[in-house]
Amino acid sequence: MVADHFVTVVPNTFAGASLTPSVSEYDAIVYDLDGTLVRLDVDWDEVRARCEAILTARDVDVGDTDIWEMREHAANAGLLDRVDEAIAEFEREGARSARRLALADDLPRSEPVGVCSLNDSSACRIALELHGLDGHVATVVGRDSAETVKPDPGPLLAAIEALGAHPERTLFVGDSETDEIAARRAGTDFQWVHERA
């Protein structure tokens, strides 16, 4: 085995792993999308303004919250579908001009590969296809694919299940604390994108 195939991972102590396995010892790898494999060309301030407009038009006070907190306000007001579709419109547009990141060169792999993202799955598929990665990714779980979003482990576990893998034999690669928390809660190992690229 070539030395550069070994990686530093954050073993999940809940998974009972006593040694840090190399990537080739995993049965599956799941990647976050935006900031990991590609960078969506999205003006998030503009997205926030659109979401705020939807909510304030229905007298929902969003204060100084971010987009993800606005989703909670939207859910409480029965407006989550509208807010999510507005976000997805920006994500799909941004996916059409997404920039490929260095870690995309990790694909293809011998292990089954999935994507688990906070982005809408349609935007994920557009970005993957744009960069010829779609044929190397067996499953995509986006914000619209599960009842919960990261850091809840549900979406990550859905991706792992779709790959026919087990959490304790899966590596999740991401770029955010949300990704790391989701991995820990799901019982998978986690690796930061900067440690792999």
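No experiment lies behind these values; they were computed from the predicted model shown.
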| task | Name all residues meeting the side chain to side chain contact (heavy atoms under 4.5 Å, CB included) criterion together with Arg50; count only those two or more places apart in sequence or in a different chain, and write none if there are none. | result | Ile54, Ala86, Glu89, Phe90
| request: Indicate yes or no: does Glu93 engage Arg96 in a salt bridge with an N to O separation below 4.0 Å. | output: yes
| What pairs with Ser97 under side chain to side chain contact (heavy atoms under 4.5 Å, CB included), at least two apart in sequence or on another chain? | Asp41
| Does a side-chain heavy-atom distance below 4.5 Å link Asp189 with Tyr26? | yes
| query | Any idea which heavy atoms bring Ala95 and Ile126 closest together, and the distance? | reply | CB-CG2, 3.7 Å
| Going only through I, L, V, M, F, W and Y residues with side-chain contacts under 4.5 Å, is there a path from Val83 to Ile67? | yes
Solution key, residues 131-139 side-chain donor-acceptor pairs under 3.5 Å, sequence neighbours excluded:
unit_1 : atom_1 : unit_2 : atom_2 : d
His131 : NE2    : Ala98  : O      : 2.8
His131 : NE2    : Arg100 : N      : 3.4

| query | Under a 4.5 Å side-chain heavy-atom rule over Ile, Leu, Val, Met, Phe, Trp and Tyr, are Val113 and Val140 clustered together? | reply | yes
| Side chain of Thr56, backbone of Asp59: donor and acceptor closer than 3.5 Å? | no
| remark: Output for pair (Trp68 CH2, Cys51 SG), nearest 0.5 Å, gives 8.5 Å
| About how many Å separate CG of Leu171 and CZ of Arg109, when rounded to the nearest 0.5 Å? | 8.5 Å
| field | Cationic N near anionic O, under 4.0 Å, Arg48 to Glu52 | value | yes
| task | Output all residues satisfying salt bridge (Lys or Arg N to Asp or Glu O under 4.0 Å) with Arg71, sequence neighbours left out; order by chain, then residue number. | result | Asp84
| Where is the tightest heavy-atom contact between Ala159 and Cys116, given as atom of each residue plus distance? | CB-CB, 4.5 Å
| request: Considering non-hydrogen atoms only, spot the tightest contact between Leu118 and Arg143 and give its length. | output: O-NH1, 2.7 Å
| Is there a donor-acceptor pair closer than 3.5 Å between any side-chain N or O of Glu46 and the backbone N or O of Asp43? | no
| Under the side chain to side chain donor-acceptor pair (under 3.5 Å) rule, what pairs show up with a residue in residues 120-130, not counting sequence neighbours? | Arg92-Ser122, Asp120-Ser122, Ser121-Asp144
| request: Give the intermediate values and the outcome of side-chain contact (heavy atoms from CB on, under 4.5 Å) for residues His166 and Ile160. | output: CA-CA 6 Å; His166 299 282; Ile160 293 166; 5.6 Å; no
| query | Is there side-chain contact between Glu180 and Trp192, with at least one heavy-atom pair below 4.5 Å? | reply | yes
| request: Provide the closest heavy-atom pair for Thr178 versus Pro151 in the form atom of the first, atom of the second, distance. | output: CG2-N, 3.4 Å
| query | Should Leu107 and Leu103 be regarded as members of a common hydrophobic cluster, given that ILVMFWY residues are connected when their side-chain heavy atoms come within less than 4.5 Å of each other, either directly or indirectly? | reply | yes
For residues 29-38, run the donor-acceptor check on the side chains, cut-off 3.5 Å, and write out each pair with its distance to 0.1 Å, sequence neighbours left out.
unit_1 : atom_1 : unit_2 : atom_2 : d
Tyr31  : OH     : Asp106 : OD2    : 2.8
Asp32  : OD1    : Lys150 : NZ     : 2.9
Asp32  : OD2    : Thr36  : OG1    : 3.2
Asp34  : OD1    : Leu40  : N      : 2.8

| task | Keeping the roles fixed (side chain from Arg58, backbone from Gly78), state whether a donor-acceptor pair exists under 3.5 Å. | result | no
| message | Is there a path of hydrophobic side-chain contacts, each under 4.5 Å between heavy atoms, that joins Val193 and Val115? | response | yes
| Has Glu69 got more than 12 heavy atoms of other residues, nucleotides or ligands less than 6.0 Å from its CD? | yes
| said: Are Val62 and Ile87 connected into the same hydrophobic cluster when the rule is that any two of I, L, V, M, F, W, Y join if their side-chain heavy atoms are below 4.5 Å apart? | reply: yes
| remark: When every non-hydrogen atom of Asp27 is compared with those of Pro112, the smallest separation belongs to O-CD, 3.0 Å
| field | side chain to side chain contact (heavy atoms under 4.5 Å, CB included), paired with Phe190, selected from Asp179, Ile181, Leu156 | value | Asp179
| task | Please report the shortest heavy-atom distance between Ala28 and Leu163, naming the atom on each side. | result | CB-CD1, 4.0 Å
